[in-house]
Every structure is written in C-alpha cells, then in structure tokens.
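Before any comments, here is the structure.
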Amino acid sequence: MNGIMTALLTPFNEDGTLNEKGLREVVRYNIDEMKVNGLYVGGSTGEAFLMDESTRKEVLRIVKSEAGSDVTLIAQIGSLNIEEAVRLGNEAKELGFDALSAITPYYYKFSFEEIKSYYQRITEETNHPMIVYSIPVLTGTEITIENYGELLALPNVIGVKYSDTNLSKLTKLKELHPDKVFFGGADDMLLQFAVSGADGAIGSTYSLLGKEANGVFNAVQTSSLQEARDLQNRMNKVISILEDVGVYQSIKHVLKQNGIDGGYMKFPFREISAEEKKEAEKIIDILSSG
Ligand code: HMN
C-alpha cells in the first residue's frame, strides 16, 4: 500500500452512460504503460459524486474484472448518504478491492465528532481497511493533527489520502504515525510530498505521467532524505515551542541558559513570564536529546 497510484478517470458516453470499453482501456493503459502501483477508483477524478449508486458499483465491478490482481485497488466509497457508503464499501470488499477510502462528509459543516462517527460507522459495517480522504480545498473541512490521531486510532483505519498542501503537518503526522500510510494528492507537489514523508501519491495526472511520477518518487526514496526528515522533525518541535512562547524572546532566553547574553527585548516587545521561560527551556532538552 504505497507508491504511485492513479486516481482513475471514468469515461462516459455522450448520453452520460458509462463507457465500459473506455474504462477498461484506461485501466489497462495505467497498468501496462504507466506502470502505476495501484488505482484509486471512484474519487473526485472518477466523477463519483455525480453518479448514482448502481453506476458507481458498475465501475467497481468493471475495474476489478479488468485489473484482476495486477495492482493495488482502492475504492472511494464515500457518500453523504451513510447507507450508500456502507453498501458501496461492502460491494468493493466482496469484489476484492484491497482497501476502501471515504471522503470526509461535505456540504454541511459537520463537527469533528460527527465526522468521526461517519468513519466509525463505515469501518464497523464494512470491516475492511480504510483510507481517510481529506481534500480541504474542495470540502472546506480541515482536520487537525490531534483529530487525525483520533481517526487513525479507529480499527481498520490504515492511513490518509492527504490532498492538502500543508506539508509540515504531513511530516508531523508521519512522525506521529509511522505505521500508517499517507498519500499525497497535489501532483505538482509530488516531489515535496515525497520529501515530506508521504508513502505514495494518488493523482489524476498519473494516467499520463505515471512513469515520471514513479521516477520522482523512487529518486527521493533511494537518497538519504530520511535523515533530513528526522532532523527537520526535531527542528519543528523546537520551532513550535518558539512560536508559542515568542520566537525572539525564547531564543534569547535559551541562549542565556547556554551562557550567551542574548539581552532583553527592545520596547514595545515585552519580556516573557517565568512560566513562559520554563516552557522555552523544554527546547534545551530537545536539543540535548539529539
Ligand atoms: C481523486 O480523488 O480523484 C484524486 O485523488 C484527487 C487528486 O488529488 C487530484 N485533485 C483533484 O482533482 C482536485 C489531483 O491529482 C489533481 O488533479 C492534480 O494535482 C492536478 O491539479
């Protein structure tokens, strides 16, 4: 469950019905020519949210019958209608899809508890690996690092399709959840996703750029970027304390603890409190642990 996966297009006929021949050709082309590791079926690229349930199921059946076990298959089964999502999920599971994925429920401003209960219900009623599909630019739903932690702790949730552009958040998520899989989703940022710790990427353009995408991803994996990521993670722990307490004030304070006179702040900057100084001193432990 990693590497480059194509977010599969759905070919339609002029009258809006499914073009089975085209769909089979697109599947084969991605597997045989683009050499992608997997197919993500029924996502945004697949226009799934515009289709009725029976057509979505038909797409899943055709893709599975064409792809067989040649590549990893992920079915995006998310729907605003929970019963439909569960039915699609069970269909994909029975067909032999390797994993399910579900868009965060959209349109209404659902609370995180509501979003969590949506994943809880789908995973309980399908009992199959689940990849959370987060695409804030289209859904307007941002998930915090803490809330991702709660979703990733649900049974069967194995990872996130992270179609977000906040890469420092991705690096932190991967560090916190090394056993979970994270897929990038903005294809023009594949390099940055790979460097930031993504296990792979899912994108529409890999129907054309599969080979290049594999090249980018493999080049990053085989260099010593893991070490760079570990170091950046350590830096980011320090940076987040600095930003919480006050960047200049806390740097000065930590320097003072190291015997270097960082001096005071210039008015109207304020000095930090004793409590904030204690918080800033956590940086000393982080730096000495490295
Ligand atoms: C999907 O669900 O079909 C895709 O995985 C979504 C994917 O992240 C694509 N995003 C959108 O279509 C909004 C990207 O591959 C995108 O098409 C690409 O970065 C070019 O903009």
Side-chain angles (χ1 to χ4, degrees), residues 1-12 18 22-23 26-27 29-31 34 36-51 55-56 59-60 62-63 67 71-80 84-85 88-89 92 97-107 118-119 122 129-143 148 158-167 169-170 173 181-217 220:
M1 197 55 77
N2 58 18
I4 299 297
M5 306 213 181
T6 299
L8 205 67
L9 298 161
T10 309
F12 294 98
L18 190 60
L23 181 55
V26 174
V27 168
Y29 185 74
N30 271 286
I31 298 172
M34 293 295 105
V36 292
N37 276 14
L39 301 174
Y40 186 84
V41 185
S44 316
T45 308
E47 301 172 66
F49 306 112
L50 306 175
M51 285 185 219
T55 314
R56 287 180 71 175
V59 169
L60 296 177
I62 294 168
V63 172
V71 292
T72 301
L73 293 178
I74 304 172
Q76 197 294 121
I77 52 84
S79 165
L80 276 185
E84 179 177 294
L88 284 163
F97 273 70
D98 300 284
L100 308 178
S101 181
I103 188 77
T104 51
Y106 53 94
Y107 186 72
Y118 164 88
Y119 286 104
I122 297 175
M130 164 63 67
I131 295 169
V132 172
Y133 178 14
S134 171
I135 182 159
V137 67
L138 293 183
T139 60
T141 301
E142 299 261 2
I143 302 177
Y148 268 123
I158 60 165
V160 178
K161 170 166 161 37
Y162 188 84
S163 288
D164 195 342
T165 48
N166 183 338
L167 296 181
K169 189 167 165 183
L170 172 66
L173 280 168
V181 287
F182 294 87
F183 290 99
D187 310 359
D188 55 334
M189 292 171 63
L190 174 61
L191 171 61
Q192 288 83 351
F193 273 108
V195 170
S196 303
D199 299 279
I202 296 170
S204 40
T205 68
Y206 307 145
S207 271
L208 296 178
L209 295 170
K211 286 182 196 158
E212 288 80 359
N214 275 321
V216 169
F217 207 73
V220 171

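Hydrogens, waters and symmetry mates are skipped; everything else that's a heavy atom, side chains included, is used. Counting convention: from 1, in listed order, for ligands and their atoms alike.
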What is the closest protein heavy atom to [atom], and at what distance does it sit?
{"atom": "atom 7 (C) of ligand 1", "answer": "Gly185 O, 3.5 Å"}
{"atom": "atom 19 (O) of ligand 1", "answer": "Asp187 N, 2.9 Å"}
{"atom": "atom 11 (C) of ligand 1", "answer": "Ile135 CD1, 4.4 Å"}
{"atom": "atom 17 (O) of ligand 1", "answer": "Ser204 OG, 2.4 Å"}
{"atom": "atom 12 (O) of ligand 1", "answer": "Thr45 OG1, 4.1 Å"}
{"atom": "atom 2 (O) of ligand 1", "answer": "Tyr133 OH, 2.6 Å"}

[X]-ligand 1 polar pair, N/O distance under 3.5 Å:
{"X": "Ala7", "value": "no"}
{"X": "Asp188", "value": "no"}
{"X": "Thr205", "value": "no"}

Do any heavy atoms of Met189 fall under 4.0 Å from ligand 1?
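Contact absent.
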Verify the distance criterion only: is there a donor paired with an acceptor across the side chains of Thr72 and Asn37 at less than 3.5 Å?
no
Just jot down the ligand 1 atoms closer than 4.0 angstrom to any heavy atom of [X], in number order.
{"X": "Gly43", "value": "2 (O), 3 (O)"}
{"X": "Tyr40", "value": "2 (O)"}
{"X": "Ala186", "value": "19 (O)"}
{"X": "Gly203", "value": "15 (O)"}

With backbone taken as N, CA, C and O and side chain as the heavy atoms from C-beta onward, which portion of Lys161 lies under 4.0 Å from ligand 1: side chain, backbone, both, or neither?
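Side chain only.
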Can you tell me which portion of Ser163 lies within the under-4.0 Å heavy-atom range of ligand 1? Options are side chain, backbone, both, or neither.
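Within the 4.0 Å criterion, Ser163 contacts ligand 1 through side-chain atoms alone.
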Using atom types as modelled and distance alone, determine if a side-chain donor or acceptor of [X] lies under 3.5 Å from a backbone N or O of [Y].
{"X": "Gln76", "Y": "Gly78", "result": "yes"}
{"X": "Asp187", "Y": "Thr205", "result": "yes"}
{"X": "Asp199", "Y": "Asn2", "result": "no"}

Quick check: closest heavy atoms across Leu23 and Pro11, and the distance to 0.1 Å?
N-CG, 3.4 Å
I need the minimum non-hydrogen distance between Leu190 and Ala201, along with the two atoms involved.
CD1-CB, 3.5 Å
What is the ring orientation for Tyr162 with Tyr148, classed by angle as parallel under 30°, tilted 30 to 60°, or perpendicular over 60°?
tilted
Side chains of [X] and [Y] in contact at under 4.5 Å (non-hydrogen atoms):
{"X": "Ile158", "Y": "Ile131", "answer": "yes"}
{"X": "Leu138", "Y": "Ser44", "answer": "yes"}
{"X": "Glu142", "Y": "Asn166", "answer": "no"}

Below 4.0 angstrom, counting only protein heavy atoms, does anything approach atom 5 (O) of ligand 1?
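Yes, because at least one protein heavy atom sits under 4.0 Å from atom 5 (O) of ligand 1.
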Check: Tyr133 ring centre within less than 6.0 Å of Tyr40 ring centre:
yes
